[in-house]
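Worksheet for the structure shown next.
If you read the sequence from its start, that first residue is 1, and numbering goes on from there.
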Amino acid sequence: MHDGDFSGDSTFFSPDQMPDAPCSAYIAELKDFISRMHTSHLINYECRNYLDERLSTMAGRILDLFVRLVSLIRPLGERGKLRLASDFTQVEFAVTPLCSRPTELGSSYQHLKAFKSLLFSDYSSLSSNPLIAARKLPLSLAIHFLFSAAPESLKSPNQRAGWSVRQYSKWLDEHPSEEDRLAMIRFS
């Protein structure tokens with residue numbers, strides 16, 4: 001995901017720039033993998049209750065990581081936002097073999113929907129956004145998103161720490177407390 005260019009500010013696509021797929025390559029790969037895993041392996045198991053619980057956990061984790069990694073994309077332009085809007089829809093479809101109703105994935109699904117709605121919000125109004133005020137989206141994700149519009153001179157937390165996005169994502173996994181995450185952001 002972070003190897004792609006999401007910086008384009010123009011929403012105009014010349015003929016040679018037209019997207020040839022309804023989603024980014026990483027989402028297409030994810031969809032193919034989940035579909036292949038489902039049809040080749042998971043469909044053969046008879047213990048559906050046991051399996052469904054674990055697959056729902058996996059689907060939630062996929063959504064959580066997707067939203068996290070999207071929040072860390074930098075820089076993010078209008079064309080990139082359009083690509084991501086499509087990716088948000090496609091990732092929801094991608095997890096349906098794991099969980100027939102993604103709406104039942106709780107906060108993972110809620111964060112996916114809330115973050116998608118932020119994509120085209122005015123950055124200056126994020127602090128008063130009802131999704132953030134109602135805690136439907138963690139403040140740390142919203143702040144990470146703000147870095148996508150910041151000048152390069154303002155370093156994001158992973159850049160300030162000298163970490164790659166992967167290393168920072170691992171740190172976030174090891175520090176699930178929103179207080180810890182906000183402290184890290186404040187430090188940067």
Q.
Using modelled atom types and a 3.5 Å cut-off, is there a donor and acceptor pairing between side-chain atoms of T96 and backbone atoms of E92?
A. no
Q: To the nearest 0.5 Å, tell me how far S117 OG sits from L112 CG.
A: 10.0 Å
Q: Apply side chain to side chain contact (heavy atoms under 4.5 Å, CB included) to I185 and H144, showing your working.
A: CA-CA 8 Å; I185 292 169; H144 285 142; 3.8 Å; yes
Q: Enter the distance from N158:CG to K170:NZ here, rounded to the nearest 0.5 Å.
A: 15.0 Å
Q) Same cluster or not: are I34 and Y45 linked, directly or through other Ile, Leu, Val, Met, Phe, Trp or Tyr residues, by side-chain heavy atoms under 4.5 angstrom apart? A) yes
Q) Would a distance-only check, ignoring hydrogens and angles, find a side-chain to backbone donor-acceptor pair under 3.5 Å from S56 to D52? A) yes
(Q) Distance check, rounded to the nearest 0.5 Å: S108 atom OG versus D64 atom CG? (A) 3.5 Å
Q: Could you label the plane-to-plane angle of the F88 and F115 rings as parallel, tilted or perpendicular, counting under 30° as parallel and over 60° as perpendicular?
A: parallel
Q. Is the backbone of S40 close enough, under 3.5 Å, to the side chain of N44 for a donor and an acceptor to pair up by distance?
A. yes
Q: Check L69, L63, V70 against F66 for a side chain to side chain contact (heavy atoms under 4.5 Å, CB included) and give me the one that passes.
A: V70
Q. When you measure from the side chain of E178 to the backbone N and O of S140, does any donor-acceptor pair fall under 3.5 Å?
A. yes
Q | Short side-chain to backbone donor-acceptor contact, S164 and Q167, under 3.5 Å | A | yes
**Q.** Pairing residues for S100 by the side chain to side chain contact (heavy atoms under 4.5 Å, CB included) criterion, not counting sequence neighbours
**A.** none
Q. CG of L42 to CE of M37: how many Å apart, nearest 0.5 Å?
A. 5.0 Å
Q) Can you tell me how far the NE2 atom of H111 sits from the CG atom of L118, to the nearest 0.5 Å? A) 11.5 Å
(Q) Same cluster or not: I62 versus F93, using hydrophobic residues (I, L, V, M, F, W, Y) connected whenever any side-chain heavy atoms lie under 4.5 Å apart? (A) no
**Q.** Least distance between heavy atoms, P176 atom then R181 atom
**A.** CA-NH2, 3.8 Å
Q: Please list, chain by chain and in numerical order, all residues satisfying salt bridge (charged side-chain N to carboxylate O under 4.0 Å, His left out) with E179, sequence neighbours excluded.
A: none
Q. With a 4.5 Å limit on heavy-atom distance, are the side chains of L98 and H38 in contact?
A. no
Q.
When you compare the side chains of K116 and T89, does any donor N or O come within less than 3.5 Å of an acceptor on the partner?
A. yes
Q. Taking only residues two or more places apart in sequence, or in another chain, which ones meet A183 in a side chain to side chain contact (heavy atoms under 4.5 Å, CB included)?
A. R186
Q) Could you go step by step and tell me if I143 and F147 meet the side chain to side chain contact (heavy atoms under 4.5 Å, CB included) rule? A) CA-CA 7 Å; I143 293 171; F147 279 104; 3.9 Å; yes
Q: Could you walk me through whether L119 and F145 pass side chain to side chain contact (heavy atoms under 4.5 Å, CB included), step by step?
A: CA-CA 9 Å; L119 280 178; F145 178 61; 4.2 Å; yes
Q: For residues 95-104, pull every pair meeting salt bridge (charged side-chain N to carboxylate O under 4.0 Å, His left out), keeping only residues two or more places apart or in separate chains.
A: R101-E104
(Q) Is it the case that the side chain of T39 and the backbone of S35 share a donor-acceptor pair, with hydrogens and angles ignored and the cut-off at 3.5 Å? (A) yes
Q) Who passes side chain to side chain contact (heavy atoms under 4.5 Å, CB included) against E152, sequence neighbours left out? A) R74, P75, Q159
Q) Would you say R54 has more than 12 foreign heavy atoms packed within less than 6.0 Å of its CZ? A) yes
Q: Measure from the side-chain N and O atoms of H175 to the backbone N and O of W171, and report whether any donor-acceptor pair falls under 3.5 Å.
A: yes
Q) How long is the span from the CG atom in L105 to the OG1 atom in T103, to the nearest 0.5 Å? A) 7.5 Å
Q. Who pairs with D173 by salt bridge (charged side-chain N to carboxylate O under 4.0 Å, His left out), at least two apart in sequence or on another chain?
A. R61, R68
Q: Any chance you could lay out the side chain to side chain contact (heavy atoms under 4.5 Å, CB included) test for M184 and Y168, step after step, and finish with the verdict?
A: CA-CA 10 Å; M184 175 64 150; Y168 186 52; 4.0 Å; yes
**Q.** Hphob cluster co-occupancy, L137 + F120, side-chain heavy atoms under 4.5 angstrom
**A.** yes
